[in-house]
Amino acid sequence: MKCGVPQGSILGPLLSLLYINDLPECLKNTRPRLFADDTNLTASSHSITDIEIAVNSDLENLRNWLMANKLSLNVAKTEFMFIGSPQMIRNSSNSQPNI
């Protein structure tokens, strides 16, 4: 193994946390929530355009961080969703983000 954390080892969880400790520092527009090997990015705004810009910017920052740390994003497990009142989502459904 050239890099990463050995899966199933006793020190694995601690080493993993140390390995991703600086991930939140690369994100400027979203709020990260890290739990074990899962990461959630949250952005909020009254405008879908603003959310799109914030998320896309931090996804680019995340891509650069992943490449620098020789990691990859599991696209099959990656999703995005809008959370809001039915009225707000309905009013913004005409402009879908390009995420």
Hey, what else clusters with Met81 if you join Ile, Leu, Val, Met, Phe, Trp, Tyr whenever side-chain heavy atoms sit under 4.5 Å? Ile83
Could I get the full list of salt bridge (charged side-chain N to carboxylate O under 4.0 Å, His left out) partners for Arg33, not counting sequence neighbours?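 Salt bridge (charged side-chain N to carboxylate O under 4.0 Å, His left out) list for Arg33, sorted by chain: empty.
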Pairwise side-chain contact, [X] with [Y], heavy-atom cut-off 4.5 Å (strictly under):
X	Y	result
Leu34	Pro24	yes
Leu23	Thr39	yes
Asn40	Phe35	no
Lys28	Asp58	yes

Straight-line distance of [X] [atom1] to [Y] [atom2], nearest 0.5 Å:
X	Y	atom1	atom2	value
Cys26	Leu66	SG	CG	8.0 Å
Met67	Ser72	CE	OG	12.0 Å
Ile51	Asn29	CD1	CG	12.0 Å

Smallest separation among heavy atoms of Ser9 and Gly12, with atom names: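 Minimum heavy-atom contact is OG-N, 2.9 Å.
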Hydrophobic cluster membership, with links at side-chain heavy-atom distances under 4.5 Å among I/L/V/M/F/W/Y: are Leu62 and Ile20 in one? yes
Hydrophobic cluster membership, Phe82 vs Ile53, 4.5 Å side-chain cutoff: no
Applying side-chain contact (heavy atoms from CB on, under 4.5 Å) between Ser57 and each of Val55, Leu59, Asn61, report the one that passes. Asn61
Keeping Thr78 on the side-chain end and Asn74 on the backbone end, is there a donor-acceptor pair under 3.5 Å? yes
I'd like to know if the side chain of Asn69 reaches the main chain of Trp65, judged simply by a donor and an acceptor atom lying under 3.5 Å from each other, with no hydrogens or angles considered.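 Yes, because the side chain of Asn69 sits within donor-acceptor range (under 3.5 Å) of the backbone of Trp65.
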